[in-house]
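Report on one structure; see the data block that follows.
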Amino acid sequence: MADRLDQPRVRNRSLLPRMQVEADASGRASESIARFLGTPRFIVWLTVFCVVWLGWNAWGPVELRFDKSANGFTALTLMLSLQASYAAPLILLAQSRQADRDRVAAEQDRQRAERNLADTEFLAREMASLRIALSEVATRDFVRSELRNLLEDLQAEQAEDEDGASGGRPGADVVRRGSVER
């Protein structure tokens, strides 16, 4: 039945059923083949294949030779051309998939670098605000020096009060207390 009733049903006109292949499956297969084609093991196996082929068709039993050396090993040339014609597009497909992965990785790296920069700038601002806040905080040495100064002022006032009680002016201690209380 059609998905929509207002449109005609589309019929398959092919004789063979269509294979449903996952889009990424062919890419993964091409990458694994391209990865194998780029290994020393592949070169060794291809060399062994060619040596066996050439050896069999050059020195094997005459009635069992299938690729005559007089023809320039035409079948071997065709086999190697076929292998190369399949290998090239597979390698290109694998390279384009790798380029896509590299592009995604570069974008993620750029985003990570931006986050790191933002975090670093935030931490720098926080450090600056802490430095400013610490410069306004009274340190232990500052509090001690202020207490010493107050103690000296109080001792000086007390000495003056004792001198003033014996003949000083009235009300002078009120002015002095106001200056000390600041």
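Below, each value reflects all heavy atoms present in this structure, side chains not excepted, and no hydrogens, waters or symmetry copies.
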Grab the two heavy atoms, one from [X] and one from [Y], that are nearest each other, plus how far apart they are.
{"X": "Phe142", "Y": "Ser145", "answer": "O-OG, 2.8 Å"}
{"X": "Ile33", "Y": "Leu90", "answer": "CG2-CD1, 3.6 Å"}
{"X": "Gln83", "Y": "Leu37", "answer": "NE2-CD2, 3.7 Å"}
{"X": "Ala34", "Y": "Ala94", "answer": "CB-CB, 3.7 Å"}
{"X": "Leu93", "Y": "Ser26", "answer": "CD2-O, 4.3 Å"}
{"X": "Thr74", "Y": "Asn71", "answer": "OG1-O, 2.8 Å"}

Under 6.0 Å from the [atom1] atom of [X], do we count more than 12 heavy atoms belonging to anything else shown?
{"X": "Arg131", "atom1": "CZ", "result": "no"}
{"X": "Arg101", "atom1": "CZ", "result": "yes"}
{"X": "Phe122", "atom1": "CZ", "result": "no"}

Aromatic centroids of Phe49 and Trp45 separated by under 6.0 Å: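 Ring centres of Phe49 and Trp45 not closer than 6.0 Å.
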Distance in Å, Leu154 CG paired with Gln158 CD, rounded so as to fall on 0.5 Å steps: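 Answer for the CG-CD pair, Leu154 versus Gln158, is 8.0 Å.
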Spatial distance of atom CD (Gln108) from atom CD (Gln111) [nearest 0.5 Å]: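 Spacing of CD (Gln108) from CD (Gln111) equals 7.0 Å.
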Identify whether [X] and [Y] are in the same connected component of the hydrophobic contact network (ILVMFWY, side-chain heavy atoms under 4.5 Å).
{"X": "Phe42", "Y": "Trp53", "answer": "yes"}
{"X": "Ile43", "Y": "Leu82", "answer": "no"}
{"X": "Phe36", "Y": "Tyr86", "answer": "no"}

Non-neighbouring partners of Asp24 that pass salt bridge (Lys or Arg N to Asp or Glu O under 4.0 Å), sequence neighbours left out: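 Asp24 satisfies salt bridge (Lys or Arg N to Asp or Glu O under 4.0 Å) with Arg28, Arg97 only.
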Under-4.0 Å salt bridge between Glu107 and Arg103: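 Salt bridge: no.
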CA sep, side-chain torsions, deciding dist, call: Glu114, Arg110, salt bridge (Lys or Arg N to Asp or Glu O under 4.0 Å): CA-CA 6 Å; Glu114 285 178 355; Arg110 185 188 62 75; 2.5 Å; yes
